[in-house]
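Have a look at the structure below, then the notes.
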Amino acid sequence: MGAILKDLLKYNIEFRVGSMLIAIVLVMSALSFVSPYPPSDTFVVAPDAPPSAAHWFGTTSRGQDVFWQLTFAIRNTLAFGVLVAMLSRVLSLSIGLLAGYKGGWIDRILMSVNDTFIVIPLFPILILFYFVLRDSMSTLLLAVIMACLGWAYDARLIRSVAMSLKAREFTQVSIYSGMTTREILVREHLPYVMPIVFSTTMNNMNWSIGLEVTLAVLGFMDINSPTIGGMLYWANQHTAVVAGIWWWIAFPIALVVAAFVGLFLLAVSMNEYIDPRSRLARMGGGAR
Amino acid sequence: MSAAPILQVRNLRAAFRTHHFGVRRDVPAVDDISFDVRANEIYGLAGESSSGKTTLIKTIAGVIKPPLELVGGSARFAFLPDCESLAQASPAAVAAIRWSKLAYIMQGSMNVLNPVRRIGKTFEDFALRHIGSAGDFQQRVEAHLQRVRLEPSVLRSYPHELSGGMRQRVTIALATICAPDFIIADEPTTALDVIVQKDVLAMMRDIQGAMGASILFVTHDMGVHAALTDRLGIMYAGRLVEEAPTDVIFRGALHPYTRHLIASLPRIGDRSERKSLTGVPPNLANAPPGCRFHPRCPLAVDICRVQAPAMTELATQHRVACHVVTGEAA
Amino acid sequence: MGDYIRYAMKRLGQFVLVVFIGVNLAYVITHATPIDPVEQSISASTSFGNAAPEAIAEMRRSLEELYGLKGSWSEQYLAFWSRVIRGDFGPSMSAFPTPVSSLIARAMPWTIGLLVTSTIITWALGNYLGALAGYHQRSRALKAFGLAAMGLHPVPYYIVALVLLIVFGYVWPILPISGGAAMNMPQGWNWPYVASVLKHSALPALSLILIGLGSWFLGMRSLVSNIITDDHVVYAEIGGVDRRRILRSYVMRNALAPQLTGLAMSLGGIFNGAVITEKVFGYPGVGTLLVDAVYAGDYGLVLGVTTVSIVGVSLGVLIIDLIYPLIDPRVQVD
């Protein structure tokens, strides 16, 4: 693992840039633990002050320091993405592995459902959820809902890997040695799909964070716990753009874009690293 | 028959150069190869898979793409005498001779034909610019298809609608439609079952005889060489180790590797045990020094481990690269 | 042809399944709510003003059928479905007494126009440039484009729309940033009106295109860089087939099929993007309608737009599936 990271850092520019961006984002969210201001308090500093030595990123019209507010926001937003990714990994892994391994009608049924979830536009569904739940819609509940809706695409990828594993000899050996389906999937197949799980995790986080930002901006979730979307929501409420308080908008956008691009680049470099073609070339088996 | 050579290969070298995640590799897949192909002959190239056969013919045909690079030497065709090798020729000159003078049959007919294009369109793409108007062209293609016993209706088919044997006949028709001077055939029969294989070989012989083309025929299958080729070159680990008329190779091969290849052929009535070589073909990225065959050679002596043997003409038309064999002859 | 019919029936079956699951999802969500939507909505709308008692009764009836908890479970379910199939979501509360269906019908052409145009432009341009980049791997300009795509592609629609809004609304105001056409202009097929529509849709379309372009570009580039090593392409090169012909018919044509599948699979995501983009630019399509309906607490409208968008997107996917065999003759009937 350490050697892989060293390799990637040394020779893969996407990985280098991606991990740099993510490092910035992580440092920012870690700083939230030493913030001088509690996240939900308003009017703790003079409002509408442009960036200065005292307030690096300026202050908002609600009297909050943008820099420290941002540390909380990015932490919550990241945590949300990680939570959704974790939960939906459980679903996409179990469904993908099972469909790929079992094949036959189980596969057909699971993939029909799977394709349905790929096709259905999820944003209106999420809005409908908010609409009926209103104030009972907590961040945690939203994460659970999004995990239940956002597993399908990755399940398909995992299924295709599982299908190729099924044909391999060691699977037959496991079957003959009397292992149950669950044992085979968890002990034998899971390790092989882990690389693709890692790279889909990044993409899934991008997806869920993107939706979270969008929902929050519209005010369709708990906008009182600070998130990137929540900050933009309040900035819009105070018409920050018209009022010329650009720092209230620009810094959250810059930071969240860094997170998006960073996660995406990590996924890309990871994909390239696990691609059999490039792995072969790396091991020197490229000659034919 | 010693007509002027149509292809002269001299000291040809090509290598795969890769640079990936910091691992730089230089794999010399074609190493100092020289031979001639004469007009109107079928020249066979034999050797195990990964002996560099395909790389050699790609280099000769001038289809070199990174990571494969031409390192040195020449491969000169009689119809392009001013040109050291196709890889260095001007694109216009190469485009002019492709398919009209030089055609190519590849292994795996399923993958060679564009899966989303009708066969007729593929014929147009390859040959129309060499053969006059569209009206004549259609007639000529249909007449030519008859030679390989295919209905004109295949022209309206997609490759996946044809059987393996039909597809292979399509590729043979495609390669010969312009009556080229030189055809490179890379394992054209390998994926076919034995009956179809025999059929296809007979067809290639017929067409070659009728049109007077030269064929450079590459396969690992010694049985096919025995049935088809006039002369035969044996490759091992990127080098040519022996060359002679095919019947000479089969009756009196000199190189220990060639002798092994022939000894391992099954013969009717022969119940003796097949001897197998110890070891595996070398990884070209890390080839042994000296003669590349020495770690597996039953005759190897000290010099084989340090110095690569040169191709030496021991008898008329019979060249071999082996210290032991040439030493005994001297 | 028989193969095609079987294939088409399968796709049709999948379409029905998607709509069935989607509408059921909407049913479950709306019926899982702890509050009684009917009473809440009625009280909200009567407090607005002086609606006639019979109009309120009409609204109550449709709301009860759509969300109602009266009657047995199966009666509720059947009443819901019969409403959905008739496309009758009752009168809108926020635009009382206009029916929800006519509000949606009014907004629909805007969304379809914006979405279809921008999606086709995005898909065609992204794939074309991506194919060139995969084929001419040394081109500096295309490499630079690849970098830009990598930077833009992962950013969500909202952020790009917001940035465009700021840039063209405040920094360099050359394009209208809100609405579907100039306010005071009568609708009609005349040039000034059409020009105004085009101008107003420029920014929403641009933000949809900017985001989408990257994913097609990157996908096509990696597909093509694999396809050019395929035997049939190498063979065509050996055969001296015209380079442009190779790029078009041997390389791009083979990459098109997976990209068309990709388009079908990402249609839902593109629609998600259109909803928020429309809202940002105040574009009069179903996205804006949906978001405003949530703000106004208009149950019938929210449910109506959600259902219609599920059906609409699945229909788009079905259309793509049905034309797929034109691109790839190897129709799979497995």
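Numbered from 1 within each chain, the chains take letters A, B, ... in sequence-line order.
Shown are A/Asp115, A/Ile118, A/Val113, A/Val119; of these, the side-chain contact (heavy atoms from CB on, under 4.5 Å) with C/Val18 is made only by A/Val119. Each of A/Leu122, A/Leu149, A/Leu128 was scored for a side-chain contact (heavy atoms from CB on, under 4.5 Å) with C/Leu25, with one residue passing: A/Leu149.
Using a 4.5 Å cut-off between heavy atoms, C/Val291 touches chain A through backbone and side chain atoms alike. There is no contact between C/Phe15 and chain A, counting heavy-atom distances below 4.5 Å. When heavy atoms are compared at a cutoff of 4.5 Å, A/Val17 does not approach chain C at all. For A/Asn236, the part sitting under 4.5 Å from any heavy atom of chain C is the side chain, from C-beta outward, and nothing else. Heavy-atom distances place no part of C/Leu152 under 4.5 Å from chain A, backbone and side chain included. In this structure, no portion of C/Val280 lies under 4.5 Å from any heavy atom of chain A. For chain A, the nearby part of C/Leu218 is the side chain; its heavy atoms alone come within less than 4.5 Å. Within the 4.5 angstrom heavy-atom criterion, no atom of A/Ile209 approaches chain C.
Judged by distance alone, with hydrogens and angles left aside, the side-chain atoms of C/Asn272 form no donor-acceptor pair with the main-chain N or O of A/Pro121 at under 3.5 Å.
Contact count against chain A (heavy-atom pairs under 4.5 Å) is highest for C/Pro154 among C/Gly268, C/Ser266, C/Pro154. Between chain C and the residues A/Thr214, A/Ile120, A/Leu218, the largest count of heavy-atom pairs under 4.5 Å involves A/Leu218. Among A/Trp207, A/Phe129, A/Tyr130, A/Trp246, the residue with the largest count of heavy-atom pairs under 4.5 Å with chain C is A/Phe129. Top candidate by heavy-atom pairs under 4.5 Å with chain A, chosen from C/Ser309, C/Ala264, C/Ser222, C/Gly287, is C/Ser309. Here A/Val217 is the residue among A/Val217, A/Leu211, A/Ile249 with the most heavy-atom pairs under 4.5 Å with chain C. Ranked by heavy-atom pairs shorter than 4.5 Å toward chain A, the options C/Val155, C/Val294, C/Thr306, C/Val313 are led by C/Val294.
For the atom pair CE of C/Met150 and CZ of A/Phe264, the computed distance is 5.5 Å after rounding to the nearest 0.5 Å. Rounding to the nearest 0.5 angstrom, the gap separating the CD1 atom in A/Ile125 from the CD1 atom in C/Ile29 is 5.0 Å.
Checked against the 6.0 Å centroid threshold, C/Tyr157 and A/Phe123 do not count as a close aromatic pair.
At least one side-chain heavy atom of C/Tyr158 sits less than 4.5 Å from a side-chain heavy atom of A/Leu232.
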task = Could you walk me through whether C/Tyr295 and A/Phe131 pass the ring pair (Phe, Tyr, Trp, His ring centres under 6.0 Å) test, one step at a time?
result = CA-CA 9 Å; C/Tyr295 289 144; A/Phe131 188 65; over 10 Å; no

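More than 12 heavy-atom neighbours from other residues, nucleotides or ligands sit within 6.0 angstrom of CZ on A/Phe57.
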